[in-house]
2 protein chains.
Amino acid sequence: MLQTTVEMEKAAMILKLLGDKTRLTMVKILDKHDCCVCEFVEIFKVSQPSISQHLRKLRDVGLVEEERKGQWIFYSINKDNEYYPFVQQILDQLPSQDQKLKELEEKGTRIICC
Amino acid sequence: MLQTTVEMEKAAMILKLLGDKTRLTMVKILDKHDCCVCEFVEIFKVSQPSISQHLRKLRDVGLVEEERKGQWIFYSINKDNEYYPFVQQILDQLPSQDQKLKELEEKGTRIICC
DNA sequence: GCACTATATAAGCAATTAATTATATAATGA
DNA sequence: TCATTATATAATTAATTGCTTATATAGTGC
């Protein structure tokens, strides 16, 4: 197992960022699949601005990246981020959230773009 | 490596709890050494009630335990706690905080009790 | 250009947080 | 018993958080 070390202050900042059920689930999903904003809105049943604000916090520390594809903006995990190894260790202990995307597919609201 | 799984809601709760520099450092220290309240007051340079309140939050989820020894109350990590394996994986990625206790010893303010 | 969809940002608000000071409780030791 | 030390709890407060609604920006397709 690769062992990294994260400075205490930064570690606390990352844990605080992940210490929100919505953001934690977002990151867990993004670790396996790219997603666009409207899919998260569908999954979490909160307003679109609320989702955008959560994504912004994740983007501000560089943990996720955005990429426009037509009218959608897709978010993905930035595996090059300095905190990613730390975050990954945490995510590995969480249950898969694939079911949430599967439900979107069944409802026909999963965006498969380009 | 033992792989456990923590429910998303509970994981977010634990991460939020650890997402504070003082509490995170406390837990990191307690993972290796028992400590009493006054030592934390000395280490973190905040008021005694502030330390007590942080410890209470950690105790409320069962992550730490208290034990009175004379006039002091010593806190220790509860390794039997259901979240401990999850927490331990996080702590293992953080730098040792032994130096903080060493400084107390040098100043003569480390409590070696009983 | 215009209607529509997707997303971001701004503003406002209620709830939560982490600190403080003041006070209560409990053990120690003269 | 009383002063001292250690700790917990209560009350207060300023800052932060996560949500909402309103609005701005940007791409799509007619």
Side-chain angles (χ1 to χ4, degrees), chain A residues 8-9 12-27 30 34-62 64-76 104 107-114, chain B residues 8-9 12-27 30 34-62 64-76 104 107-114:
Chain A
M8 293 303 284
E9 193 136 0
M13 181 269 290
I14 292 294
L15 294 174
K16 187 178 185 178
L17 189 69
L18 298 182
D20 173 277
K21 196 188 173 189
T22 302
R23 283 194 297 270
L24 184 63
T25 308
M26 279 177 161
V27 173
L30 289 174
D34 294 359
C35 266
C36 76
V37 179
C38 59
E39 292 174 313
F40 283 132
V41 172
E42 182 87 9
I43 289 171
F44 293 110
K45 310 288 184 204
V46 293
S47 67
Q48 172 267 316
S50 180
I51 295 297
S52 274
Q53 285 156 18
H54 282 303
L55 286 168
R56 188 174 214 295
K57 289 185 183 188
L58 295 172
R59 212 183 46 197
D60 280 350
V61 305
V64 307
E65 292 174 318
E66 54 170 310
E67 183 189 0
R68 182 175 279 279
K69 289 185 181 175
Q71 60 185 320
W72 297 286
I73 293 178
F74 276 71
Y75 280 82
S76 58
L104 291 196
K107 282 195 283 182
T109 52
R110 178 99 164 95
I111 309 291
I112 308 295
C113 165
C114 310
Chain B
M8 293 303 284
E9 193 137 0
M13 180 270 288
I14 292 294
L15 294 174
K16 187 177 185 178
L17 189 70
L18 299 183
D20 173 277
K21 197 189 172 189
T22 302
R23 282 193 299 268
L24 184 63
T25 308
M26 279 176 161
V27 173
L30 289 174
D34 294 359
C35 266
C36 77
V37 179
C38 59
E39 293 174 312
F40 284 132
V41 171
E42 180 88 8
I43 289 171
F44 294 110
K45 310 288 185 203
V46 293
S47 66
Q48 173 267 314
S50 180
I51 295 297
S52 274
Q53 284 156 19
H54 283 303
L55 286 168
R56 188 172 214 297
K57 289 185 182 188
L58 294 171
R59 212 184 44 195
D60 281 349
V61 305
V64 307
E65 292 175 319
E66 53 169 312
E67 183 190 358
R68 181 176 281 276
K69 289 186 181 174
Q71 60 185 322
W72 298 288
I73 293 178
F74 276 71
Y75 280 83
S76 58
L104 291 196
K107 282 195 283 181
T109 52
R110 178 99 164 97
I111 310 291
I112 306 296
C113 167
C114 312

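Worth knowing before you read on, the calculation uses all heavy atoms, side chains too, and leaves out hydrogens, waters and symmetry mates.
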| message | Which residues pass the side-chain contact (heavy atoms from CB on, under 4.5 Å) test with A:Gln53, not counting sequence neighbours? | response | A:Pro49
| Reading 5' to 3' through nucleotides 22-30 of chain C, protein heavy-atom contacts under 4.0 Å coded B for base, S for sugar-phosphate only, - for none | B----SS--
| query | Minimum heavy-atom separation for B:Glu39 to B:Asp34, with atom names? | reply | OE1-O, 4.5 Å
| query | Can you find a side chain N or O atom of A:Ser52 that sits less than 4.0 Å from OP1 or OP2 on C:dT7? | reply | no
| message | Nearest 0.5 angstrom please: A:Leu55 CG to A:Ser50 OG, how far? | response | 9.5 Å
| Are B:Ile51 and B:Met26 side-chain neighbours, meaning at least one heavy-atom pair lies under 4.5 Å? | yes
| field | Rounded distance (Å) that lies between atom C1' of C:dT7 and atom CD1 of A:Ile73 | value | 5 Å
| So how far off straight is the helix from C:dG1-D:dC30 to C:dA30-D:dT1, going by the axes through five pairs at either end, to 10°? | 20°
| field | Pair listing, salt bridge (charged side-chain N to carboxylate O under 4.0 Å, His left out) test, anchored in residues 49-62 of chain B, at least two apart | value | B:Arg56-B:Asp60, B:Arg59-B:Glu66
| note | Atom CG of A:Leu55 and atom C1' of D:dC19 are separated, to the nearest Å, by 15 Å
| said: What is the distance, to the nearest angstrom, from the CD1 atom on B:Ile51 to the C1' atom on C:dT20? | reply: 13 Å
| field | Presence of A:Ser50 side-chain N/O under 4.0 Å of D:dC19 phosphate oxygens OP1/OP2 | value | yes
| Which residues share a side-chain hydrogen bond (donor to acceptor under 3.5 Å, both in side chains) with A:Gln48, sequence neighbours left out | A:Ser52
| query | NE2 of B:His54 versus C1' of C:dA19: gap in Å, rounded? | reply | 8 Å
| Rounded distance in Å - CZ (A:Phe74) to P (C:dT7) | 8 Å
| request: Round to a whole Å and report the spacing from CD of B:Gln53 to P of C:dT20. | output: 9 Å
| Tell me: NZ of A:Lys21 to P of D:dC19, nearest whole Å? | 12 Å
| Under 4.0 angstrom, heavy atoms only, what part of the nucleic acid is B:Tyr75 near: base, sugar-phosphate, or nothing? | sugar-phosphate
Cut-off 3.5 Å, no hydrogens considered: what does the side-chain donor-acceptor table look like for residues 17-25 of chain B, sequence neighbours left out?
unit_1, atom_1, unit_2, atom_2, d
B:Asp20, OD1, B:Thr22, N, 3.0
B:Asp20, OD1, B:Arg23, N, 3.0
B:Lys21, NZ, A:Glu9, OE1, 3.1
B:Arg23, NE, B:Leu17, O, 2.6
B:Arg23, NH1, B:His54, ND1, 3.0
B:Arg23, NH2, B:Leu17, O, 3.4
B:Thr25, OG1, B:Lys21, O, 2.7

Identify all pairs in which a protein N or O lies below 3.5 Å from an N or O of nucleotides 12-17 of chain D, and state each distance.
unit_1, atom_1, unit_2, atom_2, d
D:dT17, OP1, A:Lys16, NZ, 3.2

| note | So OH of A:Tyr75 and SG of A:Cys36: to nearest 0.5 Å the spacing works out to 10.5 Å
| task | For A:Gly19 and for B:Arg59, find the nucleotide of DNA chain D with the closest heavy atom, then tell me which residue's nucleotide is more 5'. | result | B:Arg59
| message | If you compare all heavy atoms of B:Lys45 against all heavy atoms of B:Glu42, which two are closest, and at what distance to 0.1 Å? | response | NZ-O, 3.4 Å
| said: So, taking the atom named CH2 in B:Trp72 and the one named SG in B:Cys38, what distance separates them when rounded to the nearest 0.5 Å? | reply: 7.5 Å
